[in-house]
Engineer: 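Take this structure first; my questions come after.
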Number of protein chains: 2
Amino acid sequence: MALDQDRAAGSLYRKVAADLREAITSGSYGDAGRLPAEGALAEQYSVSRGTVRQALAVLRADGLVTSRRGTRRVVLGTARVQSFSELLSFTHWARSMGEEPGGRLESLVRRPADAAEREQLRLEPGSEVYVTLRLRTLSGTPVMVERTVYPPLVGELVAQLPPDVVSHTEPLREHGILFTDADHTIDVVAANADDARLLTCRRGSPLLREKRRTTDPTGTPVEWSQDRYLPGTVAFSIHNSLASSALSRHARESD
Amino acid sequence: MALDQDRAAGSLYRKVAADLREAITSGSYGDAGRLPAEGALAEQYSVSRGTVRQALAVLRADGLVTSRRGTRRVVLGTARVQSFSELLSFTHWARSMGEEPGGRLESLVRRPADAAEREQLRLEPGSEVYVTLRLRTLSGTPVMVERTVYPPLVGELVAQLPPDVVSHTEPLREHGILFTDADHTIDVVAANADDARLLTCRRGSPLLREKRRTTDPTGTPVEWSQDRYLPGTVAFSIHNSLASSALSRHARESD
DNA sequence: GCAGCCAAGTTGGCTGGCCAACTTGGCACA
DNA sequence: TGTGCCAAGTTGGCCAGCCAACTTGGCTGC
């Protein structure tokens, strides 16, 4: 919340977008209601029409409003849509739901990267990686097993963190490691022996898997992670539209 | 493909975006290479810098390039990202992979909408809905069970389609029913008796579930669907970034 | 009553310009 | 050699304006 305000404070169009989002989600325009015209909003906020359009593009991408030529924008839904940080960080996400996040570092090893890891993290042959295995809990109950591969520069920092630290993105951010872009792949996988032990489920029972590759602003990969959730604990939600889509459906590749 | 070209042909910035996408995916700028400056691209394409920025915003949303103040854009990856239509239509998706889509209508009933359906499709109390159950196949092998609820206006059209028709979005589009926005929720669910029979798997075995609510340009819901995939056949892939995110992680609600 | 036309309203798209914030590489200097 | 500063290059952001494409509601005429 504080983070949202900080980001909104940065630029004018973000402030307008934040204000409109607040108005929409609080129901000021009704559920299928129509927004004021761009020109009217421009006058209301004392900004140019271009700035209003920039703000509305954000809301359109979030699935809050439609937009087509000739008629006013229509409120699509009172949707929520968390911030990027709540998606990326288990800790942020849990706290935003009012749950208490927990975690335990099961293992941390440093070893040569295999071919797949070099490919994902864009590393030179012979590079080493840091691999962690963590159990994540919500209010004490295990919900997820997280296997993360870090490149050397990031891994060194992670290795120095105390094993019981809850959030990893926060301390990394303080060391100048930024997470800005991520690619996610979601599918189903069977629990292996480690999964079963940590999550207290049967071996072979289904888990919801999220593979995630995160990069910093320069495009350098900083993390390659594989999270396995107990079914019934989470669901992933996406909005897309003809105007802007970043979701796709794939034939499943090996592994 | 033809559809992409049609859309690209519409406006200038789409043409520029399509051209840049082609150049990037074909490797013209290298994998972690840097794009020309906005001004240079503007001159190259003989458009204003604003138009170039609009085109680059599309590529940024698709996860093809980064973008930060002070330095040139960097190529993030040679990613693919299907079009919206390939995501929304099983038929389009299958054909884009070179597979032959098939389908069989198992049942089609018309009945009063329950509370959840009225909520999702924004219908008046007492409204009726059309409910279909379809088995979807790829090159003959069953991969997915689709349960779709249509509002009356759309359902009447669907009911008139021959039961062995492969694509439903195409004939609907010809009748003026447009699909422009969709909300997706992805989780895991256990196969029930119908699922098991149609997909020839055991009852209770895990399926990847996608719930989807689609609306037309006016914001009117036109479809509420629940697709259940056999594990190992598909994976969902999403890109998001600080700049624009439409993906979120939810605590799982009932049903 | 009904169909079709028309004008007003609205968003999409594009231009040109301006300044601020930030990155980067080279240069000056210790 | 190494450190710090600085200027050029680049993207983010905002403005004002213009026209085209499209929707909608009302009016006209049959």
Side-chain angles (χ1 to χ4, degrees), chain A residues 6-18 20 29 32-61 65-76 176 178 180-181 216-220 241-244, chain B residues 6-18 20 29 32-61 65-76 176 178 180-181 216-220 241-244:
Chain A
D6 287 354
R7 276 199 294 151
S11 50
L12 209 39
Y13 82 89
R14 285 180 192 274
K15 285 181 196 163
V16 175
L20 284 174
Y29 298 111
R34 296 165 73 182
L35 253 56
E38 294 174 356
L41 290 172
E43 193 171 357
Q44 175 183 335
Y45 287 107
S46 299
V47 298
S48 78
R49 197 188 140 213
T51 300
V52 170
R53 285 175 63 77
Q54 218 168 342
L56 289 170
V58 175
L59 303 184
R60 181 184 55 182
V65 297
T66 62
S67 111
R68 58 187 178 132
R69 177 149 47 186
T71 189
R72 288 195 189 162
R73 284 179 173 79
V74 174
V75 176
L76 260 187
L178 297 176
T180 58
D181 283 78
D216 72 3
T218 71
T220 306
S241 72
L242 264 179
S244 82
Chain B
D6 287 353
R7 277 198 291 151
S11 48
L12 248 177
Y13 81 90
R14 284 180 194 274
K15 286 182 195 163
V16 175
L20 285 173
Y29 299 111
R34 294 166 75 183
L35 253 55
E38 294 175 354
L41 290 172
E43 195 171 356
Q44 175 183 334
Y45 288 105
S46 299
V47 298
S48 76
R49 199 188 140 213
T51 300
V52 170
R53 286 175 63 76
Q54 218 168 341
L56 289 169
V58 175
L59 303 184
R60 180 184 56 182
V65 297
T66 63
S67 110
R68 58 188 179 129
R69 178 150 44 188
T71 189
R72 288 195 189 165
R73 284 178 173 77
V74 174
V75 175
L76 261 186
L178 297 176
T180 58
D181 283 78
D216 71 5
T218 70
T220 307
S241 72
L242 264 180
S244 82

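Lettering follows sequence order; numbering is per chain, from 1. Only heavy atoms go into these numbers, but all of them, side chains included; no hydrogens, no water, no symmetry mates. These figures come from a predicted structure and were not determined experimentally.
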Engineer: Quick one: CG on L20(A) to OH on Y45(A), what's the gap to the nearest 0.5 Å?
Structural biologist: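 Reported to 0.5 Å precision, the distance equals 4.0 Å.
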Engineer: Determine whether E38(B) and R72(B) satisfy the following criterion, salt bridge (charged side-chain N to carboxylate O under 4.0 Å, His left out), listing intermediate values before the conclusion.
Structural biologist: CA-CA 8 Å; E38(B) 294 175 354; R72(B) 288 195 189 165; over 6 Å; no
Engineer: Rounded off to whole Å, could you give me the OH-to-P distance for the Y13(A) and dG12(D) pair?
Structural biologist: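 Spelled out: OH on Y13(A) to P on dG12(D) is 9 Å.
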Engineer: Counting only heavy atoms not in Q44(A) (residues, nucleotides, ligands), do more than 12 fall under 6.0 Å from its CD?
Structural biologist: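 Correct, the count exceeds 12.
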Engineer: Rounded to the nearest 0.5 Å, how far apart are OG1 of T218(A) and CG of D181(A)?
Structural biologist: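 So the gap between those two atoms works out to 10.5 Å.
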Engineer: Going from CG on L59(A) to OG1 on T66(A), what distance comes out if it is rounded to the nearest 0.5 angstrom?
Structural biologist: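 Here the rounded value is 11.5 Å.
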Engineer: Could you list where the contact with chain A starts and ends along DNA chain C, reading 5' to 3', using a 4.0 Å heavy-atom cut-off?
Structural biologist: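 Range of nucleotides within reach of chain A: dG9(C) to dG13(C).
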Engineer: How many angstroms lie between CG in L35(B) and OH in Y29(B), if you round to the nearest 0.5 Å?
Structural biologist: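 Here the rounded value is 5.5 Å.
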Engineer: In residues 49-59 of chain A, which residues come under 4.0 Å of DNA chain D by heavy atom?
Structural biologist: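 When residues 49-59 of chain A is checked for heavy atoms under 4.0 Å from DNA chain D, the hits, listed by number, are R49(A), T51(A).
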Engineer: Taking all non-hydrogen atoms of both residues, which atom of D216(B) and which atom of T180(B) are closest, and how far apart?
Structural biologist: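 In terms of heavy atoms, the two residues are closest at C-OG1, 3.3 Å.
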Engineer: Starting from C1' on dC14(D), measure out to CZ on R69(B) and report it in whole angstrom.
Structural biologist: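 Roughly 12 Å, once rounded to whole Å.
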Engineer: State, with a plain yes or no, whether a side-chain heavy atom of V16(A) is found less than 4.5 Å away from one of L41(A).
Structural biologist: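 The answer is no; the side chains never approach within 4.5 Å.
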Engineer: Which residue lies toward the 5' end of DNA chain D, G39(B) or T218(B), if each is placed at its nearest nucleotide?
Structural biologist: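 Of the two residues, G39(B) wins.
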